[in-house]
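First up is the structure itself, then whatever we jot down about it.
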Amino acid sequence: MATAGTVFGAAGPAAADPGRAGQAGAVTGQAGVGGDRGRVAARIAAAYRRESGRAGGNWQAYVSLTDPAGADPVVAVAESADRRIEAYSVNKIAVAVAVLDKVDRGLLTLDQQVEVSAAIVVPGGDGIFSLDGAYPSQVTLGHVLANLLTVSDDTAVRLCGLVCPAAELNQILRDKGFPNTQVQPVANPNRFFLGTSTPRETHDLLRALVGGALLTPASTEVVLRLLRSPVAFTDGIRREMSSAQRARVATKAGWFADARHEAGVIFDPAGAPVLTYALFADGQAGADDYGATHPAVAARARMGRRFLEATDRLGGSGTRHRAPAHRPSNGG
């Protein structure tokens, strides 16, 4: 069942994940969490159970709340959280982290240019570069990352590979503690498929990012500014939110074949992280529907609204990341 193994925060005892029955660490959730966070965790878990069950298919997920009283988060949902699966474009966050790690070490700069040749463009792929129709062109690495994390540009992946080959990228992620979040190398060392992760590792990568443990403050803000921008993904978690509320959510979706994934962080109004989610889904109906009407995407939209409402009066904890002011323009 889609919701088997989900734990409702503090509302009930920890339950075993049947996908990992008999294995060490198969118990999911956190028993004995009381107070506001326990109640909020229960509400989040109930929303996840209801919406994932309604969408059907297979779900692998890890969702937690920050806890000012301790370093460990309060786990609301843990379903098949250690299953290594194809992450698709959610792993573009990991790609950006690896590239920015090289920026932080002085090996790359955001204003250095890369060439967009006709041969490197992914024809018919998502994003902007395939729409240009005029090659070669020169763009900065900062422009590449902006397209990678907002409109999920497929050609931007190849452009990142020019400056951070697959083997090096994977080693950077392993060194940072993410052995399951790895791209898949191909014959060309500068190209790769987006590879795998687990819900728990994607969740932990996001928590490490907002906690300042992965990159310098400047590079951390690059990633979060892009993932929280108005042009970042809005069909899922952020769909049923105002523009101000969307600015409190850093999110990245991934889709391919019958899989529809999304992972991110919800911040409180002051900019402190309050909830981290990694939601991986596949096997639902409508594999050829990449829009907001896909069952799993529609389920995430309803979850997002419930997650926001559940945490709205719950302060976050940790480093604050205030969203830049959005100033619409009429040109000129």
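Please read all numbers here as calculations on a predicted model, not as lab measurements. Below, all heavy atoms of this structure are taken into account, side chains as well, without hydrogens, waters or symmetry copies.
- Heavy atoms only, all atoms of each residue included: Tyr277 and Leu206 are closest at O-CD1, 4.0 Å.
- At most 12 non-hydrogen atoms from other residues, nucleotides or ligands lie less than 6.0 angstrom from CZ of Arg320.
- The closest side-chain donor-acceptor pair between Arg305 and Gln245 falls under 3.5 angstrom.
- Side-chain contact of Arg239 with Thr234: a donor-acceptor pair under 3.5 Å is absent, judged by distance alone.
- Judged by the 6.0 Å and 45° rule, Arg158 forms no cation-pi pair with Phe192.
- Residues Thr276 and Tyr62 have side chains that never bring a donor and an acceptor to within less than 3.5 angstrom of each other.
- Side-chain contact of His294 with Gln284: a donor-acceptor pair under 3.5 Å is absent, judged by distance alone.
- No donor-acceptor pair under 3.5 Å is formed between the side chain of His321 and the backbone N or O of Leu224.
- Annotation for Leu110 and Thr140: closest pair O-CB, 3.5 Å, computed over non-hydrogen atoms.
- Neither side chain, Lys176 nor Thr181, offers a donor N or O lying under 3.5 Å from an acceptor on the other.
- For the pair Asp154 (side chain) and Asp126 (backbone), a donor-acceptor distance under 3.5 Å is present.
- Looking at every heavy atom in both residues, Asp104 comes nearest to Ser219 through OD1-OG, 2.6 Å.
- Checked for salt-bridge contact, Asp235 and Arg260 miss the test: no charged N lies under 4.0 Å from a carboxylate O.
- Not a single donor-acceptor pair under 3.5 Å links the side chain of Asp282 to the backbone N or O of Asp258.
- Taking the six-membered ring where the residue is Trp, His261 and Tyr88 present parallel rings, their angle staying beneath 30° rather than reaching 60°.
- Of the candidates Thr66, Asp67, Val63, Ile44, Val74 forms a side chain to side chain contact (heavy atoms under 4.5 Å, CB included) with just one, namely Asp67.
- Taking each heavy atom of Leu194 and Asn91 in turn, the nearest pair found is O-ND2, 2.7 Å.
- A perpendicular orientation is assigned to the rings of Trp59 and Tyr48, their planes being inclined by more than 60° (bins at 30° and 60°).
- Under 4.0 Å is where a charged nitrogen must lie from a carboxylate oxygen, and between Lys102 and Glu168 at least one such pair does.
- For the pair Glu262 and Gly236, the tightest heavy-atom approach, listed with the atom from each and the gap, is OE1-CA, 3.5 Å.
- By the 4.0 Å N-to-carboxylate-O rule, Asp72 lies too far from Arg207 to be salt-bridged with it.
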Set out, in order, the CA-CA distance, both residues' side-chain angles and the distance that settles side chain to side chain contact (heavy atoms under 4.5 Å, CB included) for Leu131 and Phe129, then state yes or no.
CA-CA 5 Å; Leu131 303 177; Phe129 286 116; over 6 Å; no
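- A salt bridge links Arg105 to Asp101: at least one charged side-chain nitrogen sits closer than 4.0 Å to a carboxylate oxygen.
- Defined by atom type and a distance below 3.5 Å, a donor-acceptor pair is missing between the side-chain atoms of Thr150 and Ser229.
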Determine, step by step, whether Gln138 and Val116 satisfy the side chain to side chain contact (heavy atoms under 4.5 Å, CB included) criterion, reporting the C-alpha distance in whole Å, the side-chain angles of both residues, the deciding distance to 0.1 Å, and the verdict.
CA-CA 6 Å; Gln138 298 282 335; Val116 185; over 6 Å; no
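- Heavy atoms only, all atoms of each residue included: Leu149 and Ala96 are closest at CD1-CB, 3.9 Å.
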